[in-house]
Amino acid sequence: MALQSVRGFHDILGDDILRFKKVSGTARSVLKRHNFEEIVLPVVEYAELFQRSIGEVTDIVQKEMFVFKDRKGRVLALRPEGTAGTVRAFIQHKLYAKRPYTKLFYEGPMFRYERPQAGRYRQFHQIGAEVFGVQEPTADAEVISVVYKILNSLGIEAVIEINSLGCKECRPAYRQALKEFLSTKEENLCKDCVSRKERNPLRVLDCKEKSCQMTVKDAPKTVDFLCDSCNEHFNKLKELLTELSIPYRENSNLVRGLDYYTRTVFEAVAESLDTTVIAGGRYDYLVEELGGPPTPALGFAVGIERLSLLLKEIEEQEGLYIVIPFGNVQGYALEVAEKLRNKGKRVEFSYRKGGLRKQLEFADKLRAKFAVIIGEDEMREGVVTLKDMESGEQSKIKADEIV
RNA sequence: GAGGGUGUAGCUCAGCUGGUAGAGCGGGGGACUGUGGAUCCCCGUGUCGCGGGUUCAAGUCCCGUCACCCUCCCCA
């Protein structure tokens, strides 16, 4: 078989790279304005880190991790997400001791051994951010507003859904109530949900099976079981979002697949794709569970490929100048090209063979904004012929005066 | 991990009941060493995804395999 990339591992090129960069650049610019600092994390970590953070019984850990042993027999894994590594770094470098709170963001490839589909790859890319050390809902509001701004500046239509899962105090009671409710309705649940009911009852809430959805409508809701402080936190968050004019939808069935979430969880759902493009939430116990001091935290991750899929038009690049040498004028033409580049222009020096006709066809093909035609006449006079490729107008101007 | 679909030239695809591969677009070249965004002319041996089988003969049938797409699981 011909040489080929590994299943689920894809190249990104052509127009896709423009979309990819736009998503990445937009997210970075929003994050920068919110003063998040970048951290570049390793792609490989001890597998244990993910088992302990994401949760032993989750699908990500059980069947989707790329796990392998190195030469010393250490059990390593390709990171399936970015939060665990960020938390590990936060603890390892004792960032909690340096500032009252810390805001970080990361970008890079993540790996999950899943069945590839549209917008789903085994190597995909996320840009994510985390806030450590703030328990106030203002941090939740900031993070959600970052998500909103990213979507907004990208012109992408997605609905932000929020929910609260409660904390150590109130979640157990809810879990119990839900379990009991589900037990009475077992005959209405799908096969998956019957087994899920014990292992991870919350997940039954967002099952797509119709009969499950019908059943779940009457199920107890997380928000009805929140303790006073969780309730206050959630209400305050909603107030803040309203104040910030961030549209959101409360979805009492929203739960997340990772074990570490507490209180606020949220997703940006693109209805056109019927998929989640950005997701996140609070994880107030994770830092402590991984060996750090008790530190409330929250974050989110953007699926770059998925957002790219929603990007309609790609940004026009800066207008291209194509320098067309014609005859024995190579040196002079090259000089002109350099001058333009020094002025910051995007310049292609044409290596295309053939007459002027072919050259202009080539310019057209590259979607050049201007053709800088340089023949022997031009060289003799110390000028160039600048042709506006859209209007077709052209004029001779001095080499130094092209803008 | 389960189910379904697809796989022929760079791209989109045609190829009927098996007989030895085509079109459009793109690309290259050309009466044009000075003018493009539907001027004209010329140019296609590509492992018909891969491997095996049936057959005198397979792109065309059978089996396997790989990849992609869709649904489920799960998730960004």
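Everything numeric here is computed off the predicted structure, so don't read it as measured data. The sequence lines fix the lettering, A, B, ..., with proteins before strands; numbering per chain opens at 1.
- The phosphate of B:A76 has OP1 or OP2 within less than 4.0 Å of a side-chain N or O from A:Arg256.
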Taking only distance into account, with no hydrogens and no angle test, what donor-acceptor pairs under 3.5 Å do side-chain atoms of residues 352-362 of chain A form with protein atoms, sequence neighbours excluded?
{"residue": "A:Gln359", "atom": "OE1", "partner": "A:Ser350", "partner atom": "OG", "Å": "2.8"}
{"residue": "A:Gln359", "atom": "NE2", "partner": "A:Arg352", "partner atom": "O", "Å": "2.6"}

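- For A:Arg7, the side chain to side chain donor-acceptor pair (under 3.5 Å) test picks out no residue, with sequence neighbours left out.
- Partner assigned to B:G1 is B:C72, using Watson-Crick or G-U wobble distances below 3.5 angstrom.
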Side chains of residues 294-309 of chain A: which donor-acceptor partners sit under 3.5 Å, not counting sequence neighbours?
{"residue": "A:Thr295", "atom": "OG1", "partner": "A:Pro293", "partner atom": "O", "Å": "2.7"}
{"residue": "A:Glu305", "atom": "OE1", "partner": "A:His125", "partner atom": "N", "Å": "2.9"}
{"residue": "A:Glu305", "atom": "OE2", "partner": "A:His125", "partner atom": "N", "Å": "3.3"}
{"residue": "A:Glu305", "atom": "OE2", "partner": "A:His125", "partner atom": "ND1", "Å": "2.8"}
{"residue": "A:Arg306", "atom": "NE", "partner": "A:Gly119", "partner atom": "O", "Å": "2.9"}
{"residue": "A:Arg306", "atom": "NH1", "partner": "A:Thr275", "partner atom": "OG1", "Å": "3.1"}
{"residue": "A:Arg306", "atom": "NH1", "partner": "A:Thr276", "partner atom": "O", "Å": "3.1"}
{"residue": "A:Ser308", "atom": "OG", "partner": "A:Ile304", "partner atom": "O", "Å": "2.8"}

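- Stacking of the aromatic ring of A:Phe326 onto the base of B:G34 is not found under the criterion of centres within 5.5 Å and planes under 30°.
- Base pairing annotation: B:A67 forms a Watson-Crick or G-U wobble pair with B:U6, both donor-acceptor distances under 3.5 Å.
- In this structure, B:U35 makes no Watson-Crick or G-U wobble pair, since no nucleotide meets both defining distances under 3.5 angstrom.
- Scanning residues 346-363 of chain A for heavy-atom distances under 4.0 Å to RNA chain B yields A:Arg352, A:Leu356, A:Arg357, A:Lys358, A:Leu360, A:Glu361.
- Legend: residues meeting salt bridge (Lys or Arg N to Asp or Glu O under 4.0 Å) with A:Arg282, ordered by chain and number and at least two apart, are A:Asp140, A:Asp284.
- Remark: A:Arg115 is not in phosphate contact with B:G1, judged by side-chain N or O atoms under 4.0 Å from OP1 or OP2.
- The one candidate from A:Ile373, A:Leu340, A:Asp400, A:Val372 that meets the side-chain contact (heavy atoms from CB on, under 4.5 Å) condition with A:Val384 is A:Val372.
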Show every donor-acceptor pair shorter than 3.5 Å between a side-chain atom in residues 322-334 of chain A and any protein atom, with sequence neighbours excluded, or say none if there are none.
{"residue": "A:Tyr332", "atom": "OH", "partner": "A:Val383", "partner atom": "N", "Å": "3.2"}
{"residue": "A:Tyr332", "atom": "OH", "partner": "A:Val383", "partner atom": "O", "Å": "2.9"}

